[in-house]
Amino acid sequence: MKDINNYISTNKDRFINELIDLLKIPSISADKAYAKDVLEAAKAVKKSLDDAGCENTEICETKGYPVVYGDKIIDPNLPTVLVYGHYDVQPPDPMNLWDSPPFEPVIKETELHPDGAIFARGACDDKGQFFMHVKAVEYMIQNDTLPCNVKFMIEGEEEVGSDSLEDFLKENSEKLKNDIILISDTGMIGNDTPSITTGLRGLSYVEVEVTGANRDLHSGIYGGAAPNPINVLSKMIAQLHDENNHITIPGFYDKVEIISDEERAEMAKAPFDLEAYKKSLDIDDVHGEKGYTTPERFGIRPTLDVNGIWGGYMGEGAKTVIASKAYAKISMRLVPDQDWHEITDLFTKHFKSLAPKSVKVKVTPHHGGQAYVTPIESDGYQAASKAMETTFGKTPVPQRTGGSIPIVALFENVFDSKTILLGFGLDSDAIHSPNEHFGVWNFLKGIETIPYFYKYYTEMKA
């Protein structure tokens with residue numbers, strides 16, 4: 001592996017330009033208007049695997065968007081690493097908050113990225129991060145240093161819940177058979193503080209609809225007499241938390257994993273600067289469940305947040321109407337032992353109970369997934385830790401994060417394989433937000449680090 005840095009230095013510009021070409025494709029899986037672009041991205045991913053030296057590459061059809069597969073099997077008796085990523089991206093809205101067009105990548109220096117960062121939708125989540133793996137495997141194949149087998153599975157529906165993936169995994173379980181799964185769809189604490197994600201929260205995502213009258217009403221003639229769905233919805237949402245920001249859904253906390261004081265004390269050793277956190281968000285104070293620190297609130301506690309709310313007239317000027325309908329999208333991040341199906345049912349029952357008789361309420365579940373924890377004693381975690389220590393010069397911190405990757409728990413159920421979450425992004429990289437970006441240094445550091453994971457994992461399994 002001694003020549004990995006030379007390889008990166010020689011091919012740096014090519015790596016970045018290839019990633020930029022991929023980022024130019026608006027592969028927005030949530031919007032059917034971009035269906036052709038999503039399929040174009042799948043083709044581009046397959047080409048990248050071909051160019052890297054992978055074999056048996058194919059675009060595998062599913063009931064939704066396709067999965068891109070490729071492998072390099074050097075010896076069936078050696079361990080097999082399955083790399084997972086996704087080529088679909090979040091919608092870029094609101095467009096007016098982007099400093100540059102979301103699908104016209106630009107490289108700009110920032111305070112945290114003095115070597116420059118690539119600004120584009122999907123730069124960090126997840127095109128830039130899975131592309132690190134493609135380039136790392138390219139290096140190992142080209143230099144004959146791949147120590148074990150590798151398989152790639154890059155999907156196109158992660159941002160809309162991976163609805164097609166369970167069937168695909170079960171139908172292709174033999175093809176995808178592996179010893180460990182490697183994912184870079186997470187982040188780390190900082191460029192000077194490497195970390196490995198050991199826990200992901202689960203997710204329940206729903207849409208609610210509150211209906212009043214059978215049409216929009218004149219707010220002067222009907223105001224004060226007919227129900228106003230927007231007012232009602234606002235009051236219902238306000239009742240989902242109490243004065244301590246504790247979620248009020250009956251039974252919501254019944255199965256929440258209890259973290260011991262000792263483990264909380266260990267988690268508290270991870271570097272966290274509250275003032276810097278507030279400054280980065282331009283807020284005067286943090287907000288959350290009473291009795292927990294900010295890292296605990298986003299790492300080990302469940303949450304409920306409104307992700308969007310709308311209804312009535314939102315055009316320019318005034319229109320004095322009482323809307324017939326009001327809507328909201330709500331996500332609940334869950335912790336180990338909470339079942340997302342059960343939580344969805346509890347939410348639905350409770351939310352409907354909050355409504356007055358003057359309105360009708362509809363709750364539509366969208367998608368969800370279970371929480372996941374990776375044991376730090378496993379060979380996979382130890383190999384990842386040693387790889388980061390080799391390239392960063394310090395031992396990474398194990399960290400639970402607030403994000404969700406619903407398919408991770410599914411992987412363990414289907415393959416009985418552990419997942420290693422080896423991310424190189426930063427929380428400040430604005431994933432899912434305007435001006436998403438990914439540091440050039442982080443991108444290249446991932447390419448440098450990943451081959452060491454293969455090396456150390458293969459040695460530990462020998």
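The model shown is predicted, which means the values in this text are computed figures rather than measured ones. Excluded from the calculations below are hydrogen atoms, water molecules and symmetry mates; all remaining heavy atoms, backbone and side chain alike, are included.
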Practice problem: Give a yes or no on this: more than 12 heavy atoms of other residues, nucleotides or ligands lie within 6.0 Å of atom CG of N11. | Solution: yes

Practice problem: Specify the closest pair of heavy atoms between D125 and I431, including all atoms of both residues, with the distance to one decimal. | Solution: CB-CG2, 3.7 Å

Quiz item: Are E166 and K170 close enough for a salt bridge, meaning some N to O gap below 4.0 Å?
Solution: yes

Quiz item: Regarding D88 and S27, is there a side-chain donor-to-acceptor distance under 3.5 Å anywhere?
Solution: no

Quiz item: Okay, side chain of N149, backbone of D75: is any donor-acceptor separation there less than 3.5 Å?
Solution: yes

Exercise. Would you indicate whether the side-chain heavy atoms of L176 and F415 approach each other to under 4.5 Å?
Key: yes

Practice problem: Could you pull out the closest heavy-atom pair between Q338 and P302, with the gap in Å? | Solution: OE1-CB, 3.4 Å

Quiz item: Will you find, in the side chains of T145 and K455, an N or O donor that is under 3.5 Å from an N or O acceptor?
Solution: no

Quiz item: Ignoring hydrogens and geometry, is there a side-chain-to-backbone donor-acceptor pair from N244 to H246 under 3.5 Å?
Solution: no

Practice problem: Give a yes or no on this: more than 12 heavy atoms of other residues, nucleotides or ligands lie within 6.0 Å of atom CG of D282. | Solution: no

Quiz prompt | Test ring-ring contact (aromatic ring centres under 6.0 Å, His included) applied to H437 and H113, step by step | solution = CA-CA 10 Å; H437 55 281; H113 298 296; 5.6 Å; yes

Quiz item: Roughly how far, to the nearest 0.5 Å, is the CG atom of D71 from the CZ atom of F152?
Solution: 10.0 Å

Quiz item: Just checking, is any N or O donor in the side chain of S385 or Y456 under 3.5 Å from an acceptor N or O on the other one?
Solution: no

Quiz item: Looking only at atom types and distance, does a side-chain atom of E436 sit under 3.5 Å from a main-chain N or O of G122, one as donor and one as acceptor?
Solution: yes

Quiz prompt | D50 and T57: side chain donor to acceptor below 3.5 Å | solution = yes

Self-check item: Heavy-atom check, side chain of L49 versus side chain of V134, under 4.5 Å
Solution: yes

Practice problem: Walk me through it: do T303 and M332 pass the test side chain to side chain contact (heavy atoms under 4.5 Å, CB included)? | Solution: CA-CA 5 Å; T303 59; M332 289 161 281; over 6 Å; no

Quiz prompt | Check: N172/Y69 side-chain N/O donor and acceptor closer than 3.5 Å | solution = no

Quiz item: Is the closest basic N to carboxylate O distance between R297 and E289 below 4.0 Å?
Solution: no

Practice problem: Over 60° means perpendicular and under 30° means parallel, so classify the ring planes of F347 and F351, tilted if in between. | Solution: parallel

Quiz prompt | Shortest non-hydrogen contact from A120 toward W98 | solution = C-CH2, 4.0 Å

Quiz item: Any salt bridge between E138 and R14, counting N to O under 4.0 Å?
Solution: yes

Quiz item: Do S417 and E412 meet the criterion of a side-chain donor-acceptor pair at a distance under 3.5 Å?
Solution: no

Quiz item: Below 4.0 angstrom, N of the basic side chain to O of the carboxylate: do E296 and R264 qualify?
Solution: yes

Practice problem: For the residue pair S204 and T344, confirm or rule out a side-chain donor-acceptor distance under 3.5 Å. | Solution: yes

Quiz item: Taking all non-hydrogen atoms of both residues, which atom of I183 and which atom of I181 are closest, and how far apart?
Solution: CG1-CG2, 4.0 Å

Practice problem: Kindly say whether D99 contributes a backbone atom to a donor-acceptor pair with the side chain of N435 at under 3.5 angstrom? | Solution: yes

Quiz item: So, Q382 side chain and I376 main chain: donor-acceptor pair closer than 3.5 Å or not?
Solution: yes

Self-check item: Presence of salt bridge, K278 and D284, under 4.0 angstrom
Solution: no

Quiz item: Would you say the side-chain atoms of S48 pair up with the backbone N or O of V45, donor to acceptor, closer than 3.5 Å?
Solution: yes

Quiz item: Mind checking whether L421 and D185 have side chains closer than 4.5 Å, heavy atoms only?
Solution: no

Quiz prompt | G64 backbone acceptor or donor facing T62 side chain under 3.5 Å | solution = yes

Quiz item: In terms of side-chain heavy atoms, does H287 have a donor or acceptor partner in N245 at a distance below 3.5 Å?
Solution: yes

Quiz item: So, K279 and E275, do they make that salt bridge, N to O below 4.0 Å?
Solution: no

Quiz item: What is the minimum heavy-atom distance between L346 and I249, and which atoms define it?
Solution: O-CG2, 3.6 Å

Quiz prompt | Side-chain donor/acceptor of D339 to backbone N/O of E342, under 3.5 Å | solution = yes

Quiz item: Using 4.0 Å as the upper bound for N to carboxylate O, is an ion pair formed by K175 and E58?
Solution: yes

Practice problem: Fit a plane to each ring of F443 and F438, take the angle between them on a 0 to 90° scale, and name the class: parallel (under 30°), tilted (30 to 60°) or perpendicular (over 60°). | Solution: perpendicular

Quiz item: Given F411 and Y84, is the ring-ring contact (aromatic ring centres under 6.0 Å, His included) satisfied, shown in steps?
Solution: CA-CA 10 Å; F411 282 152; Y84 165 84; 5.4 Å; yes

Exercise. Validate the cation-pi geometry between K108 and F119: distance from NZ or CZ to the six-membered ring centre under 6.0 Å, angle to the ring axis within 45°.
Key: yes

Quiz prompt | Salt bridge present between E55 and K151 (N-O < 4.0 angstrom) | solution = no

Quiz item: Are V83 and M153 close enough that some pair of their side-chain heavy atoms sits under 4.5 Å apart?
Solution: no

Practice problem: Report yes if some heavy atom in the side chain of Q90 is under 4.5 Å from a heavy atom in the side chain of R121; otherwise report no. | Solution: yes

Quiz item: Is the ring centre of Y277 less than 6.0 Å from the ring centre of F272?
Solution: yes

Practice problem: With the side chain counted from C-beta on, respond yes when Y139 and I450 share a heavy-atom pair under 4.5 Å apart, and no when they do not. | Solution: no

Exercise. Please check if any side-chain donor atom of Q399 sits under 3.5 Å from a side-chain acceptor atom of T197, or the reverse.
Key: no

Self-check item: Sub-4.5 Å side-chain heavy-atom contact between K329 and Y205
Solution: yes

Quiz item: F392 ring centre to K445 NZ or CZ under 6.0 Å, with the angle to the axis within 45°?
Solution: yes

Quiz item: Checking S195 side chain against I189 main chain: does a donor-acceptor pair fall under 3.5 Å?
Solution: yes

Quiz item: Are any non-hydrogen side-chain atoms of Y7 and F15 less than 4.5 angstrom apart?
Solution: yes

Exercise. Please lay out, stage by stage, how D167 and K63 fare under the test salt bridge (charged side-chain N to carboxylate O under 4.0 Å, His left out).
Key: CA-CA 9 Å; D167 289 344; K63 62 183 179 183; 3.6 Å; yes

Quiz item: So, for T193 and P271, which heavy atoms are closest and what is the spacing to 0.1 Å?
Solution: CG2-CG, 3.7 Å

Quiz item: Between K386 and E389, is there a salt bridge with N-O shorter than 4.0 Å?
Solution: no

Quiz prompt | Side-chain donor/acceptor of D126 to backbone N/O of H86, under 3.5 Å | solution = yes

